[in-house]
Amino acid sequence: MILNASGCLDALASPDVARELDAFVTKTVTPLPREGNAPVRIAETETGMLNSIGLANPGISHFRETLPRLAELRIPLWVSVGGFCANDYADLCAQLDAEPTVDTIELNVSCPNVAAADEAAHEIVTAARTATGKPLYAKLSPSLADVAAVAVAAAEAGADGLSLVNTLRGLSLDQRTLRPTLATATGGLSGPALRSVALAAVYACYSATALPIVGMGGVESGRHALELV
């Protein structure tokens with residue numbers, strides 16, 4: 001089963017690309033609209049790309065208005081949600097629970113560009129589980145001291161699967177000024193450098209839980225996808 005990582009594809013802008021997937025994962029949606037972080041928000045590095053978008057999105061109310069258009073893709077729809085406390089996730093899941101076009105909810109508890117605590121994963125999954133009967137996947141950070149332990153906590157709280165991994169915190173410097181390139185200084189590193197980190201997380205969590213896992217990070221070829229499988 002092949003999915004896009006959240007935020008890497010605008011299905012409404014590129015519907016033909018989205019229809020080639022087995023399911024489409026949306027950009028993370030939050031309770032209220034967010035403008036995100038100030039620019040500069042993207043920087044290329046020798047080992048991948050840094051982003052500091054900061055969960056820019058129109059908010060759940062406006063997002064729900066786009067669901068009929070996403071349903072026209074006729075592929076399973078996974079909605080990524082993010083918040084700043086467990087109640088935020090519960091509210092988002094309750095609203096999406098009423099949407100028949102939403103197949104799965106991905107709980108983004110690991111964005112490196114907003115203030116969110118991975119140690120709250122158990123609390124977040126528990127709150128989300130009480131709010132919806134839809135499948136829940138917990139997206140975890142590669143920066144966790146013990147990602148397998150957090151995966152076990154998510155499983156115990158009622159998660160149906162794991163998404164591994166989100167980006168890794170990094171920093172790049174302007175060649176002329178030697179000052180941070182991004183306005184927020186640090187951002188989330190994706191690309192080839194993330195691949196080995198993702199494999200390690202998948203390996204650890206597969207050994208620790210019986211949950212299905214969606215692996216992502218640095219996939220550039222069929223061989224890379226096979227390795228995650």
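One is the number of the first residue; the rest follow in order along the sequence.
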> So which of S190, S143, S6, S110 actually passes side chain to side chain donor-acceptor pair (under 3.5 Å) with N166?
Replying inline: S110
>> By the salt bridge (Lys or Arg N to Asp or Glu O under 4.0 Å) test, which pairs, at least two apart or in different chains, include something from residues 196-207?
In response: none
>> To the closest 0.5 Å, what do you measure between CG (L55) and CG (N108)?
In response: 6.0 Å
> Looking at T26 and L77, what are the two nearest heavy atoms and their distance?
Replying inline: CG2-CD1, 3.7 Å
> If you group Ile, Leu, Val, Met, Phe, Trp and Tyr by side-chain heavy-atom gaps below 4.5 Å, do V219 and L226 land in one group?
Replying inline: no
> Once you round to the nearest 0.5 Å, how far does CG of L96 lie from NZ of K134?
Replying inline: 8.0 Å
> Can you name the nearest heavy-atom pair linking P100 to A98, along with the distance?
Replying inline: CD-O, 3.4 Å
>> Listing request: all salt bridge (Lys or Arg N to Asp or Glu O under 4.0 Å) pairs with a residue in residues 188-216, at least two apart in sequence or in separate chains.
In response: R195-E220
> Which heavy atom of V147 sits nearest a heavy atom of A204, and at what distance?
Replying inline: CG1-CB, 4.5 Å
>> Taking A56's backbone N and O only, do any of them form a donor-acceptor pair with K27's side chain (distance below 3.5 Å, no angle check)?
In response: yes
>> How about CG on L178, more than 12 heavy atoms from neighbouring residues, nucleotides or ligands closer than 6.0 Å, or not?
In response: yes
> Does L32 belong to the same Ile/Leu/Val/Met/Phe/Trp/Tyr cluster as I60, with side-chain heavy atoms less than 4.5 Å apart forming each link?
Replying inline: no
> Could you go step by step and tell me if L199 and E227 meet the side-chain contact (heavy atoms from CB on, under 4.5 Å) rule?
Replying inline: CA-CA 8 Å; L199 279 170; E227 289 181 355; 3.6 Å; yes
> What heavy-atom pair brings C93 and A128 nearest, and what distance separates the two atoms?
Replying inline: SG-CB, 3.6 Å
>> Which heavy atom of G215 sits nearest to which heavy atom of V202, and what is that distance?
In response: CA-CG2, 4.2 Å
>> Could you measure the distance from the CG atom of L50 to the CD1 atom of I42? Nearest 0.5 Å is fine.
In response: 10.0 Å
> If we only count heavy atoms from C-beta on, is the L107 to Y137 side-chain gap below 4.5 Å?
Replying inline: no
> Got a second to check how far K139's NZ is from T28's OG1, nearest 0.5 Å?
Replying inline: 6.5 Å
>> Is it the case that the side chain of N57 and the backbone of V29 share a donor-acceptor pair, with hydrogens and angles ignored and the cut-off at 3.5 Å?
In response: no
> Do L144 and L164 belong to the same hydrophobic cluster, where Ile, Leu, Val, Met, Phe, Trp and Tyr are linked whenever their side-chain heavy atoms lie under 4.5 Å apart, directly or via other members?
Replying inline: yes
> At their closest point, which heavy atom of I124 faces which heavy atom of Y89, and how far apart are they?
Replying inline: CG2-CG, 3.4 Å
>> Evaluate T186 against R169 for side chain to side chain donor-acceptor pair (under 3.5 Å), listing each step before the verdict.
In response: CA-CA 7 Å; T186 62; R169 189 179 298 278; 3.1 Å; yes
> Side-chain heavy atoms under 4.5 angstrom apart, residues restricted to Ile, Leu, Val, Met, Phe, Trp, Tyr: same cluster for M216 and L3?
Replying inline: yes
> Below 4.5 Å, heavy atoms only, C-beta onward: do D22 and I75 meet side chain to side chain?
Replying inline: no
> Is atom CZ of R19 surrounded by more than 12 heavy atoms (other residues, nucleotides or ligands) closer than 6.0 Å?
Replying inline: yes
>> For the CD1 atom of I105 and the CZ atom of R129, what is their distance to the nearest 0.5 Å?
In response: 8.5 Å
> Would L12 and L70 count as a side-chain contact (heavy atoms from CB on, under 4.5 Å) if you check the C-alpha gap in whole Å, the side-chain angles of each, and the deciding distance to 0.1 Å?
Replying inline: CA-CA 7 Å; L12 297 182; L70 289 171; 3.7 Å; yes
>> Using 0.5 Å steps for rounding, measure from the CG atom of L162 to the OG1 atom of T209.
In response: 5.0 Å
> Do T30 and V81 have side-chain heavy atoms sitting under 4.5 Å apart?
Replying inline: no
> Looking at side-chain heavy atoms only, is the closest gap between L140 and V165 below 4.5 Å?
Replying inline: no
> Is the side chain of S14 donor-acceptor paired with the backbone N or O of V17 at a distance under 3.5 Å, no angle test?
Replying inline: no
> When hydrophobic residues are tied together by side-chain contacts of less than 4.5 Å, even through go-betweens, does L73 share a cluster with V79?
Replying inline: yes
> Are T181 and S172 linked by a side-chain donor-acceptor pair shorter than 3.5 Å?
Replying inline: yes
>> Run I53 and N37 through side-chain contact (heavy atoms from CB on, under 4.5 Å) and show every step you take.
In response: CA-CA 6 Å; I53 304 301; N37 295 326; over 6 Å; no
> Is there side-chain contact between L21 and L9, with at least one heavy-atom pair below 4.5 Å?
Replying inline: yes
>> The test is side-chain contact (heavy atoms from CB on, under 4.5 Å); show your working for V40 and T184 and say whether it passes.
In response: CA-CA 8 Å; V40 174; T184 54; over 6 Å; no
> Are W78 and F24 close enough that their ring centres sit under 6.0 Å apart?
Replying inline: no
> Which residue pairs pass the salt bridge (Lys or Arg N to Asp or Glu O under 4.0 Å) test with at least one member in residues 88-105, sequence neighbours excluded?
Replying inline: R64-E99
